[in-house]
2 protein chains.
Amino acid sequence: MKNKFRSGCPIASTLDIVGDKWSLLIIRDMLIKHKKTFKEISDSDEKIAPSILSARLKLLESYKLIFKTKVPDNKKENIYLLTEKGIRLTPIIIEFSLWGDSNMREFNEIDIIDGLKADKSMIIGTVQNNYNSMLLQFA
Amino acid sequence: MKNKFRSGCPIASTLDIVGDKWSLLIIRDMLIKHKKTFKEISDSDEKIAPSILSARLKLLESYKLIFKTKVPDNKKENIYLLTEKGIRLTPIIIEFSLWGDSNMREFNEIDIIDGLKADKSMIIGTVQNNYNSMLLQFA
DNA sequence: ATTTTTGCTTTCATTTCGATAGCAAAAATA
DNA sequence: TATTTTTGCTATCGAAATGAAAGCAAAAAT
């Protein structure tokens, strides 16, 4: 894996990893919808192609935003879970959600998301707590 | 301009506009470094190609994140400024900065950014206030 | 009057994307 | 046990985006 970082700027470096059209949607599905398998993530509204999903999962794993595991009773199915690093993307996801909700209605019909009017840090806390609770069954 | 939105999800819709490797870096330069001309933005650490910068500025303008103006004593130079919609991206930019600062040091040497330890909403407020103050000279 | 700067556009090679098909191993079903 | 279905991918290939370099006209500076 060659060095793909354009500069030492933390914003640019973050964009170098998740600055594409798909990575943050994969994270969204994992973090908010608790999707865990290739199949589940494939079945999103936005129809990600398997070749892209495969490549993104590998990349996200290489930067330790996600990790791969299995459950004892299924030898085939991979379970993809967010690491701490990945879970810490929650504030970014929530800010994207809030910005789209407030600023894109002029150009696209935006879904109403329940609870988006609540206090920001509470939303972030809730999302992270819910994910961590779900994680316990794999610990 | 064809409809390029993949779904009604606010996160996906935001990604459809600024979900590429360059748009948020252009916004960063405008918002934080107060860059205003094609030349100034071209001279970033990350060396954006003029063809890409040109295309991005047009796109950001079409979605009303930025607007173009001129100063009376220079007929050539375009001045690019952030709109309200654009300025409202501040929380996203700050979260990218914080996440990169905390999570990417393992993979890239990340610049130390002054004042990033301060209270999040204070940082956001300061960045936005500074930008708005600068804007006054064009009002 | 000449040179330099600015804000682009054009060109074209390279890279990435993305739709579709395919496939082997495992799981489910008969 | 045999067959079918599901899962988690990989391969292929045309289309789109990226990016390096050159070019260029209008304006500004000298």
Side-chain angles (χ1 to χ4, degrees), chain A residues 1-7 12 15-26 29-30 33-63 66-81 138, chain B residues 1-7 12 15-26 29-30 33-63 66-81 138:
Chain A
M1 188 203 329
K2 62 171 176 289
N3 183 41
K4 45 174 356 240
F5 291 102
R6 287 171 290 180
S7 73
L15 285 168
D16 285 333
I17 306 307
V18 297
D20 69 278
K21 297 239 179 277
W22 291 109
S23 294
L24 286 177
L25 287 190
I26 296 170
D29 283 353
M30 297 177 69
K33 303 181 186 171
H34 292 193
K35 293 188 178 185
K36 288 176 279 295
T37 63
F38 196 96
K39 180 73 184 328
E40 285 174 341
I41 302 170
S42 292
D43 292 341
S44 68
D45 288 347
E46 295 89 4
K47 308 276 177 237
I48 186 169
S51 51
I52 298 171
L53 178 54
S54 178
R56 289 295 148 210
L57 289 172
K58 280 189 208 332
L59 188 93
L60 294 175
E61 195 182 3
S62 79
Y63 286 104
I66 66 175
F67 67 101
K68 207 174 10 180
T69 188
K70 303 214 183 244
V71 282
D73 61 315
N74 192 321
K75 282 173 191 145
K76 175 77 180 163
E77 207 171 45
N78 286 318
I79 307 287
Y80 295 96
L81 298 169
F138 298 98
Chain B
M1 191 203 328
K2 61 170 176 289
N3 184 41
K4 46 175 355 238
F5 291 101
R6 287 170 291 179
S7 75
L15 285 168
D16 286 334
I17 306 306
V18 297
D20 69 278
K21 294 239 178 277
W22 292 109
S23 293
L24 286 177
L25 287 190
I26 296 170
D29 283 354
M30 296 176 70
K33 303 181 186 172
H34 292 191
K35 292 187 179 186
K36 290 176 278 293
T37 63
F38 196 95
K39 179 73 182 327
E40 285 173 341
I41 302 168
S42 292
D43 292 341
S44 68
D45 288 347
E46 296 88 5
K47 308 275 178 238
I48 186 169
S51 52
I52 299 171
L53 178 55
S54 178
R56 288 295 147 211
L57 288 172
K58 280 189 209 333
L59 188 93
L60 294 175
E61 195 181 1
S62 79
Y63 286 104
I66 67 175
F67 67 100
K68 202 168 27 173
T69 187
K70 303 215 182 241
V71 282
D73 61 315
N74 192 321
K75 281 173 191 147
K76 176 77 179 163
E77 207 172 43
N78 286 317
I79 307 286
Y80 296 95
L81 298 169
F138 298 100

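Please read these numbers as outputs of a predicted model, since none were measured by experiment.
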**Student:** Roughly how many Å is it from CD in B/Glu40 to P in C/dC8, rounded to a whole number?
**Tutor:** 13 Å

**Student:** Nearest whole angstrom, please: distance from the P of D/dT7 to the NZ of A/Lys70.
**Tutor:** 14 Å

**Student:** Can you tell me how far C1' of D/dC9 sits from CD1 of A/Ile26, to the nearest Å?
**Tutor:** 14 Å

**Student:** To the nearest Å, give me how far apart CD1 (B/Ile48) and P (D/dA17) are.
**Tutor:** 15 Å

**Student:** One pair to check against side chain to side chain contact (heavy atoms under 4.5 Å, CB included): A/Glu46 and A/Lys21. What are the steps and the verdict?
**Tutor:** CA-CA 11 Å; A/Glu46 295 89 4; A/Lys21 297 239 179 277; over 6 Å; no

**Student:** Report the residue (B/Asn78 or A/Trp22) whose heavy-atom-nearest nucleotide on DNA chain C is the more 5′ of the two.
**Tutor:** B/Asn78

**Student:** Just how far, in rounded Å, is P of C/dG7 from CD of B/Glu61?
**Tutor:** 14 Å

**Student:** How do A/Phe38 and B/Asp20 order along DNA chain D: which one's closest nucleotide is nearer the 5' end?
**Tutor:** A/Phe38

**Student:** With side chains defined as the heavy atoms from C-beta onward, is the minimum distance between B/Phe38 and B/Leu53 less than 4.5 Å?
**Tutor:** yes

**Student:** Within the structure, does a side-chain N or O atom of A/Lys39 lie under 4.0 Å from either OP1 or OP2 of D/dT7?
**Tutor:** yes

**Student:** At under 4.0 Å, does any side-chain N or O of A/Lys58 touch on OP1 or OP2 of D/dT10?
**Tutor:** yes

**Student:** Ignoring the backbone of B/Ser51, work out which of C/dT10, C/dC8, C/dG18 is nearest its side chain.
**Tutor:** C/dT10

**Student:** Under 3.5 Å for both donor-acceptor distances, Watson-Crick or wobble: does D/dA28 have a partner, and if so which one?
**Tutor:** C/dT3

**Student:** Rounded to whole Å, how long is the line connecting atom NZ of B/Lys21 with atom P of D/dG19?
**Tutor:** 9 Å

**Student:** Report yes if the side chains of A/Lys68 and A/Ile79 come closer than 4.5 Å at any heavy-atom pair, otherwise no.
**Tutor:** no

**Student:** Both distances under 3.5 Å, Watson-Crick or G-U wobble: report the partner of D/dA22, or none.
**Tutor:** C/dT9

**Student:** Please examine the side chains of A/Leu15 and B/Leu25, heavy atoms only from C-beta on, and report whether any two atoms are closer than 4.5 Å.
**Tutor:** yes

**Student:** Choose from C/dA24, C/dT9, D/dG19 the nucleotide whose nearest atom is closest to any side-chain atom of A/Lys76.
**Tutor:** C/dA24

**Student:** Could you check how far CG of A/Leu59 sits from C1' of C/dT16, rounded to whole Å?
**Tutor:** 13 Å

**Student:** If you check the B/Thr37 side chain, which of C/dT20, D/dG8, C/dG7 turns out closest?
**Tutor:** C/dG7

**Student:** Rounded to whole angstrom units, what separation is found between the CD1 atom of B/Ile41 and the C1' atom of C/dT6?
**Tutor:** 13 Å

**Student:** Can you tell if the side chain of B/Ile26 reaches within under 4.5 Å of the side chain of B/Tyr80, non-hydrogen atoms only?
**Tutor:** no

**Student:** Nearest to the side chain of B/Glu77 - C/dG7, C/dA24, D/dT10?
**Tutor:** C/dG7

**Student:** May I ask you to evaluate whether A/Ser54 reaches the phosphate of D/dC9, defined as a side-chain N or O under 4.0 Å from OP1 or OP2?
**Tutor:** no

